[in-house]
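Before any comments, here is the structure.
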Protein chains: 2
Amino acid sequence: MASIKDVAAQAGVSVATVSRVLNSHPSVSPDARARVIAAVETLGYRPNAVARSLRTDQTRTLGLVISDVLNPYFTELARFVEEEARALGYSVIIGNADERPELQDHHVRTLLDRRIDGLLVSPADGRSPLTLDAARGGTPMVFVDRWVPGVDVPVVRADGREAVRDLVAHLHGLGHRRLAIIAGPAATTTGHERVEAFREALREHGLALPDAYIGQGDFQADSGRRATERFLSLPEPPEAVFAADNLMALGALDAIRARGLRVPDDIGFAAFDDIPWFVHTDPPITAIAQPTAELARAAVRALADLIEGRPPQSVTLPARLVVRRSCGEPHDEPHDEPRGESRGAPRGEPHADRGREQRRSTP
Amino acid sequence: MASIKDVAAQAGVSVATVSRVLNSHPSVSPDARARVIAAVETLGYRPNAVARSLRTDQTRTLGLVISDVLNPYFTELARFVEEEARALGYSVIIGNADERPELQDHHVRTLLDRRIDGLLVSPADGRSPLTLDAARGGTPMVFVDRWVPGVDVPVVRADGREAVRDLVAHLHGLGHRRLAIIAGPAATTTGHERVEAFREALREHGLALPDAYIGQGDFQADSGRRATERFLSLPEPPEAVFAADNLMALGALDAIRARGLRVPDDIGFAAFDDIPWFVHTDPPITAIAQPTAELARAAVRALADLIEGRPPQSVTLPARLVVRRSCGEPHDEPHDEPRGESRGAPRGEPHADRGREQRRSTP
DNA sequence: CCTCCTCGTGGAATCGATTACAAGGAGGAT
DNA sequence: ATCCTCCTTGTAATCGATTCCACGAGGAGG
């Protein structure tokens, strides 16, 4: 592969001049510039990013460590992160922790070894010392979605408290009283925050959240399945189950279906994180949607600010409840309402069924 | 951040010795080795991968350019690719082309600039000259899933021909005669191969595939929606629709639902690519499943072979039909069969509903 | 006791860029 | 004509590693 020396030789100038042309430094004569450009063209030269990074001590690369690529929420996040980063002139390297702390460490280490300019982390485990060392060691870092309390790192996340309150009001309004939750790992903020928000919302309705109604999950489908099986085996099983992420929701649905039960007739159901498929499940699933694109953009901007020496901003955006049919039919709608063509969604709507959905802001 | 010089100074040896210890070169005295290791420890030294890459001319990194991260099939592929690569001592950088040729070019260029050791590509557009130039330019490359004919690059892919034939037999057996397909872009191999397989299978049953029954999609949900709307507006709409990937399937379901039609009663439905959610849709969707993990592993191994100078192997694995209920109830099963606990799947089954599924190999 | 090998070690070149510094030439002001 | 600027250019140092080569010490063999 051609190097800068080859270009210099071909253009009859020194490597310094070639470099100046490449970096659009002003003091290069039009003649030299033209000759360099021609040489670059004929040789098909592309600067070696590795060498450049070594010299300039910057890679124009961001690391993104997410907890689980197979989780559509994180996939979407990753996609928007890359988009915004590209707009700001950065590349993104994704590390998938698979909800395993040691894998998270592996990726953080690898990314640090590659001297990425900054790190976007959604910690699978807040206790990993490696990540915190990196932050203290001066690596620009921003937490997305999940964070670690007590560390001086900007946080970009969604606040589901209001939406959870709306959800509980919705469930309560439909007559459900025994409400259970499948929680994420306690080592993650999203793991216990969602439980606390749920517990608090229940209290507002004079309801308790017994331990038996808290399933310990790990944000993976299997744990949702197991927790739900346990719920259903209880002498007094819950009337509605709330899964704290969409993968555990998948597992929970598996378990409910395996029992031969029907949602919402036999049991109400809702999930955190909204994904396109929730419109097409049987029945469509009531979910709490996060503003993923905005989160991604805010996180990248905060990280870029940190890297480029501007003051970064922590951001918290509200999640919102999207009501569908998995908790029961709303009272004000007839049960066997005809579904004609007239109900078709207008063009441009991302999902046709959204016409039936009700969005809640505050009750 | 500490460099190799700092370690050398701390250990009282030269940088050469430090480097030898780091690369476990045999001729280092036990004493020196111990001092270096201690120095590395106290300084928290980690070798700079950028500098190392510049010198050794290898990055131990693979590039993976996929057509769309939001497509669960590719996400899964990416996950397994990273897993296998990690096992072989490589990192992976993912580039998401979003089905846009110019974005694919952007990522290929960026990855090449970073001097990745090899490239795994699922071409969004076979006509992109950049990718082919790279292949001819000597960059180790392997095509996954999609490929470009007439280029000397190993291909790892699934062959859906048999499974499509099984699907058509299944549809025919359920009485469907007017069958339509939502195709992917003609510029991709998977785009036209699936149509050809479908057409051929229809011919075996004496059925034709009129142009009106071929929807031109682009592997994105929206195109599936539009194609399906067009099908349903036909004077003689198809009795069953086959979507060539899971995202177009999502769009197609949106369109069917918007019309107030029911699957499978009003229209039969099937899709290429099986995803976990297909078990929980209304109704569960009959799909053609690809052996994603095996494809990913084979692709990474082929690429590693190429990089490390061994002869690489092209691999083609069969896809297989997974029958659920979206094409109609199988004749030999009662329609309103009771769903008791006895039908629950055994523990350990990834998805509970699989108990109901029938796997076909050949009709 | 001398020679030859082996082993451990350090010096220095190298990878491909960027950039500080010096130097040469052109042009304007005096 | 001389001096001073400004503009352009090249030489060489540098980033942090790896690795070739040379050198000295020490042991084996003659």
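A quick note: this is a predicted structure, and the numbers were derived from the prediction, not measured. Below, read A as the first sequence line, B as the second, and so on, with proteins coming before strands; counting in each chain starts at 1.
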- Query: Between A/Q104 and A/T131, is a side-chain hydrogen bond (donor to acceptor under 3.5 Å, both in side chains) present by the stated rule, with each step listed?
  - Reply: CA-CA 9 Å; A/Q104 167 176 318; A/T131 312; 3.2 Å; yes

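- Of the N and O atoms on the side chains of B/T61 and A/R114, at least one donor lies less than 3.5 Å from an acceptor on the other residue.
- A close approach under 4.0 Å does not occur between any side-chain nitrogen or oxygen of B/T56 and OP1 or OP2 of C/dC15.
- Of all non-hydrogen atoms in B/V50 and A/L54, the two that sit nearest each other are CG1-N, 3.6 Å.
- Across C/dA17, D/dT11, C/dC15, the shortest atom-to-atom separation from the side chain of A/S14 is found for D/dT11.
- Residue A/A49 is out of contact with every strand shown, counting any heavy-atom pair closer than 4.0 Å.
- Atoms CZ (A/R46) and C1' (C/dG16) sit 15 Å apart, rounded to a whole Å.
- Exactly one of A/T292, A/D145, A/D245 qualifies for a side-chain hydrogen bond (donor to acceptor under 3.5 Å, both in side chains) with A/Y73. That residue is A/D145.
- Among the nucleotides D/dT9, C/dG10, C/dT18, the one closest to any side-chain atom of A/N23 is C/dT18.
- In this structure, the nucleotide among D/dT9, D/dG16, C/dA17 sitting nearest to the side chain of A/S27 is D/dT9.
- Residue-level contact check: A/V50 touches neither bases nor backbone, having no heavy atom under 4.0 Å from any strand.
- Which of D/dT18, C/dA17, D/dG16 sits closest to the side chain of A/P47 comes down to C/dA17.
- Summarising the geometry of B/S314 relative to B/P154, their closest heavy-atom pair is OG-CA, 3.3 Å, with the distance given to 0.1 Å.
- Remark: the B/R20 side chain and the C/dG10 base include a donor-acceptor N/O pair separated by less than 3.5 Å.
- Mapping B/M1 and A/P30 onto DNA chain D by nearest heavy atom places A/P30 closer to the 5' end of the strand.
- To the nearest angstrom, P of D/dT18 lies 6 Å from CG of B/L22.
- Comparing D/dG16, C/dA12, C/dT9 by their nearest atom to the side chain of B/T17 picks out C/dT9.
- Closest contact between the side chain of B/K5 and the listed nucleotides D/dC15, D/dT8, C/dC15 involves D/dC15.
- Following rounding to the nearest Å, A/H25 (NE2) and D/dT8 (C1') show an atom-to-atom distance of 9 Å.
- Per the geometry, CD1 belonging to A/I4 stands 12 Å off P belonging to D/dG10, to the nearest Å.
- Of the candidate nucleotides C/dC15, D/dT9, D/dC15, D/dC15 has the atom nearest to the side chain of A/L54.
- Listed pair A/S53 / C/dA17 fails the phosphate criterion, with no side-chain N or O lying under 4.0 Å from OP1 or OP2.
- One interatomic measurement links the two molecules: CZ of A/R55 to C1' of C/dT18, which rounds to 5 Å at whole-angstrom precision.
- Among C/dA17, D/dG16, D/dG10, the nucleotide with an atom closest to any side-chain atom of A/A16 is D/dG10.
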